[in-house]
Amino acid sequence: MLEQRTRHIHVTDDFWGRYIDIVKEKVIPYQWAALHDGIEGAAPSHAIENLKIAAGEAEGEFHGFVFQDSDVAKWIEAAAYTLAERPDPELEQRCDELIALISRAQQPDGYLNTHYTIKAPTKRWTNLRDNHELYVAGHLIEAAVAYYETTGKQALLDVVCKFADLIDQVFGPEPGKLRGYDGHQEIELALLKLYRVKGDRRYLRLAQFFIEERGKEPHFFDDEAKKRGEDGTFWYSGRYEYSQSHLPVRQQQEATGHAVRAVYMYTAMADLANETDDEQLAKVCRTLWDNVTNQQMYITGGIGSAEFGEAFTFAYDLPNDLAYTETCASIGLVFWAKNMLELEADSRYGDVMERALYNGTISGIQLDGTKFFYVNPLEVWPQAAKHRHDLKHVKTERQPWFGCACCPPNIARLLASIGQYIYTTKNQTGFIHLYIGNESTLTIGSGEVGLKMKSSFPWKGEVGLEVNPDTSRPFTLAFRIPSWANDYQLTVNGHFVDVEVRNGYAYVERTWQKGDHISIQFPLETKVIYAHPEVRANAGKIALQRGPIVFCAEEADNGNNLQSVAIRCQENIDASFANDRLNGVIVLEGKGVRTVTANANGSLYLTKEALQTEEVTLQFIPYYAWANRGEGEMAVWLRHI
């Protein structure tokens, strides 16, 4: 099933439009400078210099991680999506010049990887477990597809097709080929994108091979380790759970190991299941989805709770202060959710996609676009982060760059492509998953439909959608009812209409005319959220959520020692919009108490008589905006009374 999913979507949303502007005006130029080692005080990248050396245009040694080329690829992808939203001839020319450099760095047989070209030209494909060759190739493919689809230029597409053809010659089930796969999944989802653009089934079959071969015995990573003269030992205690290669994918039922690798693989699996109508594989995806989102996901849409291995651990192990929750992992969760929605329209996927987008992804970028979080904890005590070894991964302020810089360009490409997550279409139905202002043209059924959406999300729950089909004809529009919405009102041209609700979507089937207008009202209420009783870290605590936004308490508003306060969650919690705070946000305010000592006489352990409480007013800001006012404590979950 080769399905073209091209949609023309222009984001006009106030909330997300600001992020797109920041990506264009701040993030892309900033990251361009970082890739050229031009940010004072930031970790050097050397990525562009590596390409010049590989192309024979400079001298020197390879510098950086084995996957350093992927930062360049993600920059191009972010630039491509930005050009689609905000055309810029100068940026396009810069991309073209970079693509020309990449082309010159490509080897005659199609191989493209600066680490191996410069440092180990005779050791290609000898350590797939550790060295990310196919991961890097995947990101180059994704960049090429994005640039081709947004600009129509195929120079980079030609480069990656030549590379993909080489990979197809090296890997596969046929005699003489490597029956292996990469330690870090990425090539699988990229090849499926390339297949949809080129229509060449070799790319589909190769993606399927990489997915199906994973985890089979005898284990490929054991075999290649022996060929390298190694004994096969591995630093991660879970061994091949780290790369989700401990079992064939169809036998996997729980998310394990490195969280980013996992969700990239699950994204590809969902896409493959959809492309091949593979119901068994789709069932595996649903099982894994339920495990991740119902047992191993933070309220912010963060996943991967452990620093060791950047990994999933086990059900309900969700510590707040130790949380790793890599920005890339939340981004990967969005990718997976989108492909699950392509597979089947079920609001549980859209709900998680929305949760991750408004919370666990954009928390990874400073409001001005110039600093980034790799790790996104739900509780921070700066003094502990500076002194405790088990908190060494926690940064109390966003960083200008990272030696391992996967997250900054990843968040840039997500934000620039946010329009791609609003809709999907299938047969005669257009599905609206996210309420983000946009002007779009979708193919629904036999023709094109123009849509103009205005949205007041996330601060208000008002949505308007103007429908302009090419001709008056019947089709269906299905609107996701968010899980946080206790009620909703939907009208067409000012009149209530009959809707059928299935799997969390309100289906409106009618003969649509140009200028038809849908209005939806979702009441936004502040909700007190309790964790599952088995989440030990949150026993006796609550969190606050309003619409899709999760809130947190910050020292800047509430003073220090946040662990000493408790909110009166049965009393009114007021919500007001603060134009002058954090680029304009809703601020929640509620009554609480702070525990203090009286007549403690310096004692560390006290009886009840030595403690007393004082009334306080507590303020909460959106979690994504924390750490934009200097260093300080932060907590999503607080004690309650």
Side-chain angles (χ1 to χ4, degrees), residues 5-29 74 76-88 91-92 142 145-147 149-151 330-331 334-335 337-338 341-342 350 353-359 361-362 364-365 367-369 409-425 430-444 448-468 477 479-480 482 517-518 520 522 547-549 583-585 622 624:
R5 303 179 188 178
T6 302
R7 309 177 183 95
H8 303 285
I9 301 173
H10 172 60
V11 174
T12 59
D13 193 75
D14 288 342
F15 185 86
W16 292 105
R18 189 189 75 82
Y19 276 105
I20 293 172
D21 288 338
I22 284 175
V23 169
K24 179 181 186 296
E25 297 165 8
K26 295 284 188 70
V27 180
I28 285 178
K74 282 184 279 188
I76 293 174
E77 190 178 353
Y81 296 135
T82 301
L83 288 170
E85 288 284 353
R86 310 282 193 269
D88 182 338
L91 175 59
E92 188 169 342
E142 284 198 276
V145 169
Y147 201 68
E149 290 186 332
T150 56
T151 68
S330 286
I331 293 169
V334 172
F335 297 161
K338 178 192 175 187
L341 287 167
E342 295 275 7
M353 183 165 69
E354 181 184 69
R355 180 179 298 279
L357 282 171
Y358 281 100
N359 301 287
T361 61
I362 55 176
I365 185 170
L367 290 176
D368 66 4
N410 218 359
I411 189 66
R413 68 172 178 151
L414 174 73
L415 293 173
S417 64
I418 193 69
Q420 295 186 9
Y421 301 89
I422 301 172
Y423 305 106
T424 61
T425 61
F431 296 92
I432 295 87
H433 307 298
L434 297 174
Y435 297 103
I436 294 174
N438 69 93
E439 296 180 2
S440 304
T441 302
L442 308 182
T443 299
I444 303 177
E448 293 188 339
V449 179
L451 297 173
K452 292 183 180 180
M453 184 189 296
K454 292 185 177 180
S455 170
S456 60
F457 273 45
W459 313 126
K460 297 179 181 179
E462 301 166 359
V463 180
L465 183 68
E466 181 181 309
V467 184
N468 291 295
L477 293 176
F479 300 85
R480 181 178 62 89
H517 188 271
I518 301 100
I520 314 176
F522 295 111
I549 299 291
N583 289 338
V585 294
Y624 75 80

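Small disclaimer: the values here were computed from a predicted structure and weren't measured.
- Under the side chain to side chain donor-acceptor pair (under 3.5 Å) criterion, D368 pairs with T370, sequence neighbours left out.
- Remark: A79 pairs with I28, W75, L91, C95 by the side chain to side chain contact (heavy atoms under 4.5 Å, CB included) rule, at least two apart or across chains.
- In this structure E448 satisfies the side chain to side chain donor-acceptor pair (under 3.5 Å) test with no other residue, sequence neighbours excluded.
- The side chain to side chain donor-acceptor pair (under 3.5 Å) pairs that include a residue from residues 449-461 number zero, where partners must be two or more places apart or lie in different chains.
- The ring pair (Phe, Tyr, Trp, His ring centres under 6.0 Å) test applied to Y435 returns F457, F522, not counting sequence neighbours.
- In this structure, the side chain to side chain donor-acceptor pair (under 3.5 Å) partners of D88, at least two apart in sequence or on a different chain, are K24.
- For Y358, the ring pair (Phe, Tyr, Trp, His ring centres under 6.0 Å) criterion is met by F15, W16, not counting sequence neighbours.
- D21 meets the salt bridge (charged side-chain N to carboxylate O under 4.0 Å, His left out) test with R86; sequence neighbours excluded.
- With sequence neighbours excluded, the residues forming a salt bridge (charged side-chain N to carboxylate O under 4.0 Å, His left out) with E77 are R413, listed by chain and number.
- Partners of E85 under the salt bridge (charged side-chain N to carboxylate O under 4.0 Å, His left out) rule, at least two apart in sequence or in another chain, do not exist in this structure.
- Under the rule for a side chain to side chain donor-acceptor pair (under 3.5 Å), the partners of S440 that lie at least two apart in sequence or sit in another chain are N438.
- Here T151 pairs with L83, E92, Y147, K153 under the side chain to side chain contact (heavy atoms under 4.5 Å, CB included) rule; sequence neighbours left out.
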